[in-house]
Visitor: 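Here's a structure for you.
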Number of protein chains: 2
Amino acid sequence: MPVEQRAAGVQSVQRALDLLEVVEAAGGGCSISAMAAATGLPLPTIHRLVQTLTTRGYLRRLPDRRYCLGSRLVPLGAGANALLGERAAPILRELADGLGESANLAVLAGERAEYVAQAPGLHSMRTFTEVGRRVPLHCTGVGKALLSTLGDDEARSILKRSTLSTHTATTIVEVDALLDELAGIRARGYALDEGEMEVGVRCVAMPVSVPGMSPMALSVSGPAVRMSDDLTGRAAPALSRACAALATILT
Amino acid sequence: MPVEQRAAGVQSVQRALDLLEVVEAAGGGCSISAMAAATGLPLPTIHRLVQTLTTRGYLRRLPDRRYCLGSRLVPLGAGANALLGERAAPILRELADGLGESANLAVLAGERAEYVAQAPGLHSMRTFTEVGRRVPLHCTGVGKALLSTLGDDEARSILKRSTLSTHTATTIVEVDALLDELAGIRARGYALDEGEMEVGVRCVAMPVSVPGMSPMALSVSGPAVRMSDDLTGRAAPALSRACAALATILT
DNA sequence: CTGCCGGCTTCCACCATACGGAAAAAGAAA
DNA sequence: TTTCTTTTTCCGTATGGTGGAAGCCGGCAG
């Protein structure tokens, strides 16, 4: 009785990648049995795969026998990052040109958001974010947009282990208030940052969700004096279109 | 007749990782047959593995049927990056405290060097490099140190596809001169940046080579007025020790 | 110190799964 | 068009991966 296996892929590779992603999701570190719980695979199988990934530097074994992401992933990620930024550049450029304000693309990096691409706005006074910069999730547009793509429980666990630092009077530092905010974002389709990180900076951000791919977020930000409600209103559909374009490029 | 196979690892996973690394090394993109040439694997095998990696987002299929690193690697790399920075922090801190100048750790990211960790120096006037920043290879201490870990042919191919921009009067922009410089670095064990990127900034950098792991580089940099020959002399052994410590932490 | 216990690691026989030669298909070049 | 190259599909084989069971180790309680 031949087994149904139109799973399109090499089983052991799929499983190895699953493990990488489980460890990534765990953040700090993940024991073998936690991986078993997350994937449903038997322990010896996981052990063997993890060993392979570890000797190659894709995972790292901690003294307490848990595992975290290994440093061999750093240059790979950096390379992928550069390519992605390259491909995304024209889309960001168009967005920034259309609205006149800086456009940014960010991914989730542990418990921070990392900017991977950027197109500066047209005015001489503008927000400027360096590619590679990491910012907190709770007080930025892209951060909140990224969180909104996760489930409440997962968002809560990430917020738990990050410091909800106060930056301005509008910074939201209560976990429950943040979860409410995330619900609002999901309903509305985009996030707003009302000077929560830096006074006078307003930002509209939208999650870029591509099924089976890790979350990203796109944002447009500028000085509050120019980021009128009218502009943010126009930003939403522009962001939508850019998200769709990105989704195509990422597939 | 049981086959000798103490290869310590799951074959298909090993091969999949090999392919990722081949594609990474290729930079822009890599065809299936190029991968076959690089790995010695038969075409159908590569095709199957590549397909698995592609459907998972670890590779990306270009319109011309070549493959490049996929965006699923971005968040993984970012996560690994954050963890690495965390672990390296105390070592950099000690180095910076000992010499008084800023200490930096960088990895090779395509044809740039990316800073992954940093500890500021003790003086108020100091060099400051943001984590995540990417700098050219030909005119920085860490860049040259990273290049020196590669073979001449590989270094030449990377230099070929990057722009050897002139920043100051001392910037080396000739490929052959750079290769000479690399030979000197290998002999001496460390690289010097004599204001090649920015006037008045001097930098001592050393490659951190851990066998079977991608290259990294450690550097100490500061204003030339304080970075005397005496200080750079003391920096070399301090860097050596820090490299050893890093190697331990990375293993 | 000793004995217990839960999670990690090793072993090994089975067979599902990945392998790769061969041939077909899809492009690229002529 | 034809011809050549590169990619993709097919499928029988046996290699390599699997996972139950047993051993090991280190942590904890007594």
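Labels below follow one simple rule: chain letters A, B, ... track the order of the sequence lines, proteins then strands, and each chain is numbered from 1. Because the structure is predicted, anything quoted here is derived from the model rather than measured.
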Visitor: For a quick check, tell me whether the side chain of Arg48(B) and the base of dG20(C) share a donor-acceptor pair closer than 3.5 Å.
Guide: yes
Visitor: Going by an N to O cut-off under 4.0 Å, is there a salt bridge joining Glu94(A) and Arg241(A)?
Guide: no
Visitor: Respond yes when some side-chain nitrogen or oxygen of Ser12(A) is under 4.0 Å from OP1 or OP2 of dA18(C), and no when none is.
Guide: yes
Visitor: Between dA18(C) atom C1' and Ile46(B) atom CD1, what is the distance in whole Å?
Guide: 15 Å
Visitor: Protein within reach of the bases, or only the backbone? For nucleotides 20-27 of chain D, mark each nucleotide 5' to 3' as B, S or -, using heavy atoms under 4.0 Å.
Guide: BB----S-
Visitor: Rounded to the nearest 0.5 Å, how far does CG of Asp180(A) lie from CD of Glu174(A)?
Guide: 11.0 Å
Visitor: Between atom CG in Asp64(A) and atom C1' in dG7(C), what is the gap in whole Å?
Guide: 13 Å
Visitor: Hey, does Arg66(B) reach any base, or is it just sugar-phosphate, or nothing, if we go heavy atoms under 4.0 Å?
Guide: nothing
Visitor: Regarding Arg61(B) and Tyr67(B), is there a side-chain donor-to-acceptor distance under 3.5 Å anywhere?
Guide: yes
Visitor: Distance check needed: dG17(D) C1' versus Leu53(A) CG, whole Å only.
Guide: 15 Å
Visitor: Can you check whether Arg15(B) has a side-chain N or O nearer than 4.0 Å to OP1 or OP2 of dG17(D)?
Guide: no
Visitor: Does the pair Glu111(A)/Lys160(A) count as a salt bridge with the N-to-O cut at 4.0 Å?
Guide: no
Visitor: Quiz question: by atom type and distance under 3.5 Å, do the side chains of Ser12(A) and Ser12(B) form a donor-acceptor pair?
Guide: yes
Visitor: Please state whether the phosphate of dT9(C), meaning OP1 or OP2, lies under 4.0 angstrom from any side-chain nitrogen or oxygen of His47(A).
Guide: yes
Visitor: Flag the pair Arg156(A) and Asp152(A) as a salt bridge only when some basic side-chain nitrogen lies within less than 4.0 angstrom of an acidic carboxylate oxygen.
Guide: no
Visitor: From CE of Met35(B) over to C1' of dG20(C), roughly how many Å is that when rounded to an integer?
Guide: 18 Å
Visitor: Does dC19(C) have OP1 or OP2 under 4.0 Å away from a side-chain N or O of Gln11(B)?
Guide: yes
Visitor: Of Val13(A) and Ser31(A), whose nearest nucleotide on DNA chain C comes first from the 5' end?
Guide: Ser31(A)
Visitor: Nearest nucleotide by nearest heavy atom, which residue falls closer to the 5' end of DNA chain C, Leu43(A) or Thr45(B)?
Guide: Leu43(A)
Visitor: Check the distance between dG20(C)'s P and Gln51(B)'s CD and give it to me in whole angstrom.
Guide: 17 Å
Visitor: Do Glu181(B) and Arg186(B) sit within salt-bridge range, that is, some charged N less than 4.0 Å from a carboxylate O?
Guide: no
Visitor: Distance check: side-chain N/O of Ser33(B) vs OP1/OP2 of dT5(D), anything under 4.0 Å?
Guide: no
